[in-house]
Peer 1: 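Take this structure, written in structure tokens, and hold onto it; I'll ask about it next.
We name chains A, B, ... by the order of the sequence lines, and we start the count at 1 in each one. Atom set for the values below is all heavy atoms of this structure, side chains included, hydrogens, waters and symmetry mates excluded.
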Protein chains: 2
Amino acid sequence: MAPTRRTSRDIRSESRLDVLHALLAAGETTRNELARTTGLSTATVATVVSDLLSGGIVTEARVASGRVGRPTTLLRLNQDRGRIVGVDVAETYIRAVVFDAALDETASAEIAADERHDETEEVVDGIARAVDAALAQAGTPRGEVLGVGISLPGSMQRWGGAAPVMPNAAWRHVDRLRERLDLPIVIDNPLKAIATAELWFGEGRRHSSTITVNLGTGVGAGIILNGAILRGATNFAGEWGHSLLALDGRACRCGRNGCVEAYVGALGIQQTLGAIAPGHPLAAVPLQRDFIDALAAALEPPEPDPAVTETIRLTARYLGAALADLVAIVNPETITLTGWTVWALGDHLVPAVRRSVVEEAPGDAAADLEVQVSTVRGNSVATGIATIALERFLSDVGLVTTRVPTAL
Amino acid sequence: MAPTRRTSRDIRSESRLDVLHALLAAGETTRNELARTTGLSTATVATVVSDLLSGGIVTEARVASGRVGRPTTLLRLNQDRGRIVGVDVAETYIRAVVFDAALDETASAEIAADERHDETEEVVDGIARAVDAALAQAGTPRGEVLGVGISLPGSMQRWGGAAPVMPNAAWRHVDRLRERLDLPIVIDNPLKAIATAELWFGEGRRHSSTITVNLGTGVGAGIILNGAILRGATNFAGEWGHSLLALDGRACRCGRNGCVEAYVGALGIQQTLGAIAPGHPLAAVPLQRDFIDALAAALEPPEPDPAVTETIRLTARYLGAALADLVAIVNPETITLTGWTVWALGDHLVPAVRRSVVEEAPGDAAADLEVQVSTVRGNSVATGIATIALERFLSDVGLVTTRVPTAL
DNA sequence: GGGGTAAATCTAACCCATAGATAAATGGTT
DNA sequence: AACCATTTATCTATGGGTTAGATTTACCCC
């Protein structure tokens, strides 16, 4: 497959996305300010804004006067343009979040999931029920829904009889979902979703290369290079959780040994604690989120648990070494950390990870690297997959040509 | 650093590069054929060709008649436009290759290097002497030299007191080189050079993502994404040889433990043999290229050495696992292998590596991956760095705006 | 009414690519 | 010699994008 060639339409597409991002960051802003923050000329901004006003994506909020000179018109994203739903299909739950067209969350609904979600019908049904419940809570008629983004995880292997390339392999189930939902849908995986969220809401717009690392049960990375998500040949890029930390090391859920996830996934952290202190009560906590929360509690002053402290130290080392691989291969400007492990343990883990990645990276490759907790709030998978659905909608109405996942 | 914004000039730049690549691949060709192979319109091709003719980059070779219709003019790259020198500064030699402007090799000279090349003056002197010798052999006056590309390896740490980010850290020595050579120079590292060679001469133009892996003393990867070299924030991308294969594994020359290079670099392969058969005569061969050549000889029928056979098997496994990491993180369409280890051992190693990477990659991520020996002939570092110098020259004369390394 | 200021729009110029028309250069036929 | 058919190369008008500078708009103040 040859590289794609850019046209002048793609230039306009990127200009529109730049303006949208600036509007999203600012809330309300003027054409002149948009020109300043995007670096586009005022004439280009005026043209782009006119397009977005015509499309109903942007609205003129109010007119404000300065001390002197012509009054200025403040613009904002038109939240009433419609609604977008982001669905995070995880291993223990299916969560549907309704966003307005300015990507603010308006409602959400969650359905418990268990082993059941390995059965196709059950998953399709679960997704539909979660979407219905969220739309009902938001009081949103289906006619107002611009799109539904659905994030399916890598562990859902049996759907396509394949690995984490779900978006490409799951075609046999997409029609069932479309039929069941009767709404425009787009399917992608959590890594592409969190990267998209980071690109629209986090560090991704300010840096030419950002990697956002998700730490939870599963572990993975969303890679942003020059304002675009790295997808790879089969949409598989970013499965860093299943790269090697230790040849012939611990067994991993994916069937291999020594994967990064087997050390820094929640289960891997629990195993580390069990190796340090066999019989430690927290090593037997059955649910992974409970385990991580219990770790955080055990680290509280005045008497932090020494085995838990050692577990954090070792985990930071493993994570630092694994992040050093990303530095060695991709050399990003910044790495952001997200996921419930980070929310719970970030205060203890992140400073140690920063030190570890500098030590583990070859030479001084990580000297200028920024490592920080992602500033994307809420469920970043749902936010990101909803954003992908918005990108698809913008593509469908002719406003955007780039960045949209192909053939999904 | 914000992502770079594309303009219409960048579109023309890519069109020119497309035409140049097609000319390079075809040798001689017509405007109509260029339009067919590049997919550009005949009008755009005519415009681009006119630019390249004006710049002296392309020349009209001859006129050929078909059976009927207007005769056609055959075009080719103008090898007499000038000369370009590519310098490969390796650990045991400094090799300077003179290329004509059609990137065909016309002369070369090699100077032995040893521990001496860690001293700045010695290296500068060595480079200058190699360049002088190669130009003398080619009978090329200095006035005809369009540029000199110099590839400095990661091991040359003391130049900048830094790691493999030589191109950025070595500013204090660039002036000395400029002064000494009195020619326009551009400095880069071997990974960017081999990637550029693969992009211009190999698989890089036919695929949206190609990783070219160099196996020798040092080990690394050049990454091409959508027709461009992945450089990273500090030009460090591709140092996959210093990512982890085994946490706390073998000591590596870079000071860490467990690096990929410690297992699949020539020294690492020798260590593997030593572990399989302590006291094996080949385990004591002092020069690494001699060692690899001796391995190849020991594999010849009718009696391949069993310890050597086992060494190849293990090496294939290590290499497959390490390539699987590239698959997991970047998900390329194709991986090409290059370097003197591959030239010598490819027949035995490559089929086993293909099988290994499929086994080691998570799920079926590597199902569609192509793994092949690079089709770039000759010293691909010298070829690639010369090509980078040509890109710089094309940029200086205003024909190209993209792909050129910044500020070097 | 005139002057000053700041926001928004207009205009002309620059850049790129292409579909279709036109010109150029043959060979073959009448 | 004139005409037709074919193929190559160039020309032309149109579509798309961005921006520097000019002009218009909408105020406030004197």
Peer 1: Return the value, rounded to whole Å, for the distance between atom CG of B:Leu53 and atom C1' of D:dT10.
Peer 2: 14 Å
Peer 1: Do you see a donor-acceptor pair shorter than 3.5 Å between the side chains of B:Glu198 and B:Thr210?
Peer 2: no
Peer 1: Using a 4.0 Å heavy-atom cut-off across all strands, classify A:Thr73 as base, sugar-phosphate, or nothing.
Peer 2: sugar-phosphate
Peer 1: In whole Å, what is the span from the CG atom of B:Asp10 to the P atom of C:dC14?
Peer 2: 20 Å
Peer 1: Identify which one of A:Leu399, A:Val48, A:Leu394 satisfies the side-chain contact (heavy atoms from CB on, under 4.5 Å) criterion when paired with A:Leu20.
Peer 2: A:Leu394
Peer 1: Between A:Leu17 (CG) and D:dG17 (P), how many Å, whole number?
Peer 2: 14 Å
Peer 1: Of B:Leu74 and A:Arg12, whose nearest nucleotide on DNA chain D comes first from the 5' end?
Peer 2: B:Leu74
Peer 1: Touch check for A:Thr7, heavy atoms < 4.0 angstrom, all strands: base, sugar-phosphate only, or nothing?
Peer 2: nothing
Peer 1: Could you state the CD-P distance from B:Glu60 to D:dT8, rounded to the nearest angstrom?
Peer 2: 15 Å
Peer 1: Does the side chain of A:Ser41 get closer than 4.0 angstrom to OP1 or OP2 of D:dT18 through an N or O atom?
Peer 2: no
Peer 1: Return the 5'-most residue of the pair A:Thr72, A:Arg5 with respect to DNA chain C, ranking by each residue's nearest nucleotide.
Peer 2: A:Thr72
Peer 1: Rounded to whole Å, please give me the gap between CG in A:Asp51 and P in D:dT18.
Peer 2: 9 Å
Peer 1: Of the listed nucleotides (D:dT18, C:dC16, D:dT10), which one gets closest to any side-chain atom of B:Arg16?
Peer 2: C:dC16
Peer 1: Between B:Arg5 and B:Asp10, does any NZ, NE, NH1 or NH2 come within less than 4.0 Å of an OD or OE carboxylate oxygen?
Peer 2: no
Peer 1: How many whole angstroms separate atom CZ of B:Arg9 from atom C1' of C:dA17?
Peer 2: 15 Å
Peer 1: Show the nearest heavy-atom pair for residues A:Thr383 and A:Arg377, with the distance to one decimal.
Peer 2: OG1-O, 4.2 Å
Peer 1: Grab the CG-C1' distance between A:Leu75 and C:dA8 for me, whole Å please.
Peer 2: 11 Å
Peer 1: For every nucleotide of nucleotides 21-30 of chain D, 5' to 3': is a protein heavy atom under 4.0 Å from its base (B), only from its sugar-phosphate (S), or from neither (-)?
Peer 2: ----BBBS--
Peer 1: In whole angstrom, give the distance that lies between atom CG of B:Asn32 and atom P of C:dA25.
Peer 2: 16 Å
Peer 1: Specify the closest pair of heavy atoms between B:Gly222 and B:Ala195, including all atoms of both residues, with the distance to one decimal.
Peer 2: CA-CB, 3.7 Å
Peer 1: Taking only N and O in the side chain of A:Arg6, is any of them less than 4.0 Å away from OP1 or OP2 of D:dG17?
Peer 2: no
Peer 1: What I'd like to find out is whether the side chain of A:Asn32 reaches to under 4.5 Å of the side chain of A:Thr72, using heavy atoms alone.
Peer 2: no
Peer 1: Does a side-chain N-to-carboxylate-O contact under 4.0 Å join B:Glu333 and B:Arg206?
Peer 2: no
Peer 1: Give a yes/no answer on whether the side chain of B:Ser8 brings an N or O atom under 4.0 Å of OP1 or OP2 in D:dG17.
Peer 2: no
